[in-house]
Amino acid sequence: MAGLNPQITNLVIMLGMMQVSKRIPFDDPNVLNTVRAVYLGSNVLIALLYLYIGSQINKKKDLGVDFWHCLWLSVIGKTSGNMAYAE
């Protein structure tokens, strides 16, 4: 899908995932609990990766601003573009 408009790519992915989700029997409690476990596991993995990368950045002191301060500001929604800012 190289060279396609990002909106078109997102639409194709979304419609494809809708078709896939129609074929998954979410009425079955085992399937539903498995999907929930995979979702939870993926979120934990993403959080651990995010924290690991942040600790590596802090260890090398490559950022001019404190990573954890920017992380907290982004969590509470005090962001402007790509940079977090303090009031």
Side-chain angles (χ1 to χ4, degrees):
M1 286 190 186
L4 286 179
N5 190 347
Q7 289 89 357
I8 300 297
T9 304
N10 287 341
L11 182 65
V12 168
I13 291 171
M14 185 174 62
L15 291 174
M17 293 308 295
M18 287 172 62
Q19 293 302 312
V20 169
S21 71
K22 285 182 183 179
R23 290 164 174 54
I24 299 174
F26 288 111
D27 296 336
D28 182 6
N30 291 330
V31 172
L32 187 59
N33 287 333
T34 302
V35 170
R36 287 175 178 164
V38 168
Y39 177 75
L40 181 64
S42 69
N43 280 317
V44 168
L45 180 67
I46 290 167
L48 290 174
L49 185 63
Y50 193 71
L51 292 172
Y52 172 74
I53 291 171
S55 68
Q56 294 301 309
I57 290 172
N58 271 347
K59 190 188 309 182
K60 293 181 181 183
K61 299 292 183 194
D62 283 343
L63 263 182
V65 294
D66 182 31
F67 171 79
W68 301 110
H69 183 73
C70 287
L71 175 64
W72 173 247
L73 290 175
S74 67
V75 166
I76 62 173
K78 304 269 189 202
T79 58
S80 173
N82 291 332
M83 295 297 294
Y85 65 93
E87 289 183 342

Among [options], find the residue that satisfies the side chain to side chain contact (heavy atoms under 4.5 Å, CB included) test when tested with [X].
X	options	result
Val31	Asp27, Asp28, Thr34	Asp28
Ile13	Leu15, Thr9, Leu11	Thr9
Leu48	Leu45, Val44, Ile46	Val44

Over all atoms of both residues, closest heavy-atom pair of Arg23 and Gln19
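Heavy atoms only, the tightest pair is NH1-O, 3.3 Å.
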Restricting to non-hydrogen atoms, name the atom on Val35 and the atom on Phe26 that form the minimum distance, rounded to 0.1 Å.
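Closest approach of Val35 to Phe26: CG2-CE2, 3.8 Å.
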